[in-house]
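Letters A, B, ... are given to chains in the order of the sequence lines, protein chains preceding strands, and every chain is numbered from 1. Hydrogens, waters and symmetry mates are skipped; everything else that's a heavy atom, side chains included, is used.
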There are 2 protein chains.
Amino acid sequence: MTADPLTLEHELPPDEELVPGEVRRPNHPSARPRRVAQTVAAARKVLEDEGPGALTMRRLADELGIRAPSLYKHFDSKAAVELAVIEDAMFDIGDVTHRAIHEPGAMGPLLSLLTTYRTYCLSHPNLYRLATSGHLPRKSLPPGLEDWAGNPWFVVTGDPHLAQALWSFAHGMVVLELDDRYPPGSDLESTWRAGAAAFERLTAQRQGDGSGRVA
Amino acid sequence: MTADPLTLEHELPPDEELVPGEVRRPNHPSARPRRVAQTVAAARKVLEDEGPGALTMRRLADELGIRAPSLYKHFDSKAAVELAVIEDAMFDIGDVTHRAIHEPGAMGPLLSLLTTYRTYCLSHPNLYRLATSGHLPRKSLPPGLEDWAGNPWFVVTGDPHLAQALWSFAHGMVVLELDDRYPPGSDLESTWRAGAAAFERLTAQRQGDGSGRVA
DNA sequence: TTGGGAGGCTAACGTTGATAGCTAGTATGG
DNA sequence: CCATACTAGCTATCAACGTTAGCCTCCCAA
């Protein structure tokens with residue numbers, strides 16, 4: 001993460017600065033029109049504070065001191081508002097996970113990534129659910145966002161398939177924990193450790209085989 | 001799975017027949033009142049064929065040739081209908097996975113479990129999503145259902161934490177695949193293999209250490 | 001014969017996302 | 001300086017949703 005978060009569109013440095021296999025952070029949609037930005041902020045706040053049931057167009061309009069139909073001057077649909085919130089969430093998660101692997105502390109990058117991911121996602125349950133469940137309208141996302149947000153998993157495993165598998169494990173854990181899906185009394189710390197151990201072996205072995213990062 | 005699927009309530013054989021650590025299959029809610037059974041069947045059909053958006057009380061009533069309010073003579077709410085569908089789905093998945101580990105074929109129990117799970121869930125996307133996403137009203141489920149359905153993961157790994165971790169991995173994979181969350185062109189076969197490999201080592205090692213099944 | 005429950009029905013309510021059509025303000029071009 | 005056109009608000013309204021209230025009709029048991 002060398003890119004300046006405030007960099008404006010079309011002002012990115014050239015690709016040459018990137019380590020091969022690393023992915024550039026896409027532009028943050030910071031320069032949104034005033035009302036749009038206000039609406040997205042309100043949507044995120046309402047969602048996180050009161051859950052998805054409270055996220056209605058009328059409620060959103062109330063929050064801005066206007067009427068619901070006026071929102072349609074700025075968004076095509078409720079789904080468009082949600083999509084903007086999803087973008088922000090993906091940026092946040094990307095930031096947090098990139099930081100986790102670049103400042104892993106004592107526990108090593110893989111464990112740092114997993115615990116960071118778990119902590120962030122569990123403390124933003126409604127945001128996480130919105131961002132990660134249901135069909136992804138990939139074509140409407142800022143190009144590169146997905147790759148950039150997923151990059152830490154690749155960096156940490158050194159292999160695309162292992163990366164996807166590890167991310168799937170983490171996502172499964174988080175979402176099942178959020179939905180209260182594990183039997184009561186489950187020792188989830190140990191479950192995370194068990195999963196981490198399973199993947200740690202393979203990545204350690206792979207990193208030790210001298211082949212380095214895989215394209 | 002020695003219990004007869006058609007066994008009626010309170011006619012289960014004594015617990016002694018069970019291997020320690022194994023869990024008895026709960027009674028299937030087969031003896032539901034006629035209209036209730038019809039409604040649940042219709043709900044499942046509509047859901048699987050046309051997605052969650054089509055699953056409305058009016059649509060369900062249409063399917064039975066009655067009016068929507070009449071459904072409330074048999075169910076407290078739409079959520080109650082969905083819960084019955086979820087129960088059926090959990091029974092189905094439990095049956096399929098128990099079969100997978102008891103007739104593993106050439107690939108071994110763990111891989112058999114994973115491929116069976118993947119195949120079943122991907123071929124019932126809407127049913128799977130309904131059954132596994134959102135908060136679980138655990139108290140309303142038939143007692144034992146959850147443990148029984150989760151038992152194969154325990155049998156295959158020999159350890160409760162590894163079992164939960166493996167299940168989380170599988171659930172994450174399925175749900176992300178269903179939601180089109182992996183970048184286009186992903187080789188998901190390899191991803192499943194990578195995850196399987198990560199867990200296979202630990203379970204093999206554990207099964208080889210002589211301690212056998214863990215309580 | 002009668003009483004009551006089971007299971008239908010119609011009418012209606014409140015909430016939701018969304019559209020149509022009007023209007024006040026503002027900026028721009030002649 | 002005025003005419004035009006766009007922006008962004010508004011009210012009224014729609015259809016669909018889950019759900020409730022209240023009524024009626026059939027059937028079975030006392």
J.: Test ring pair (Phe, Tyr, Trp, His ring centres under 6.0 Å) on A:Trp192 and B:His161 and set out the steps.
T.: CA-CA 8 Å; A:Trp192 277 95; B:His161 304 119; over 10 Å; no
J.: Does C:dT16 have its OP1 or OP2 closer than 4.0 Å to a side-chain nitrogen or oxygen of A:Arg59?
T.: no
J.: Please give, in whole Å, the distance from D:dG18 P to B:Leu55 CG?
T.: 8 Å
J.: What contact category does A:Arg58 fall into here, base, sugar-phosphate, or nothing, at under 4.0 angstrom with non-hydrogen atoms?
T.: base
J.: Would you say B:His74 reaches C:dG8's phosphate, i.e. side-chain N/O to OP1/OP2 under 4.0 Å?
T.: yes
J.: Taking only side-chain nitrogens and oxygens of A:Lys78, does any of them come within less than 4.0 Å of OP1 or OP2 of C:dG17?
T.: yes
J.: Check the phosphate of D:dA8 against A:Ser70, side-chain N and O only, distance under 4.0 Å to OP1 or OP2. Yes or no?
T.: no
J.: Starting from P on D:dC17, measure out to CD on B:Glu82 and report it in whole angstrom.
T.: 14 Å
J.: Test ring pair (Phe, Tyr, Trp, His ring centres under 6.0 Å) on A:Tyr128 and A:His171; report intermediate values, then the result.
T.: CA-CA 10 Å; A:Tyr128 184 75; A:His171 172 67; 5.7 Å; yes
J.: Expressed in angstrom and rounded to an integer, what is the separation of B:Leu71 atom CG from D:dC17 atom C1'?
T.: 14 Å
J.: Rounded off to whole Å, could you give me the CD1-to-C1' distance for the A:Ile66 and D:dT7 pair?
T.: 13 Å
J.: Thinking salt bridges, do B:Arg181 and B:Glu177 make one under a 4.0 Å N-O criterion?
T.: no
J.: Mind calculating the distance between CG (A:Asp76) and P (C:dA18) to the nearest angstrom?
T.: 10 Å
J.: In whole angstrom, what separates A:Asp62's CG from C:dT15's P?
T.: 12 Å
J.: A:Tyr72 side chain: which of C:dG17, D:dG18, D:dG22 is closest?
T.: C:dG17
J.: Please indicate whether B:Asp76 has more than 12 foreign heavy atoms, meaning atoms of other residues, nucleotides or ligands, lying under 6.0 Å from its CG.
T.: no
J.: Of the listed nucleotides (C:dG17, C:dC22, C:dA20), which one gets closest to any side-chain atom of A:Met57?
T.: C:dG17
J.: Less than 4.0 angstrom between a side-chain N/O of B:Arg67 and OP1 or OP2 of C:dA11, yes or no?
T.: no
J.: Once rounded to the nearest 0.5 Å, what's the spacing between atom CD of A:Glu103 and atom OG1 of A:Thr116?
T.: 9.5 Å
J.: Closest to the B:Pro69 side chain: C:dG21, C:dG8, D:dT19?
T.: D:dT19
J.: D:dT25 C1' sits how many Å from B:Lys73 NZ, rounded?
T.: 12 Å
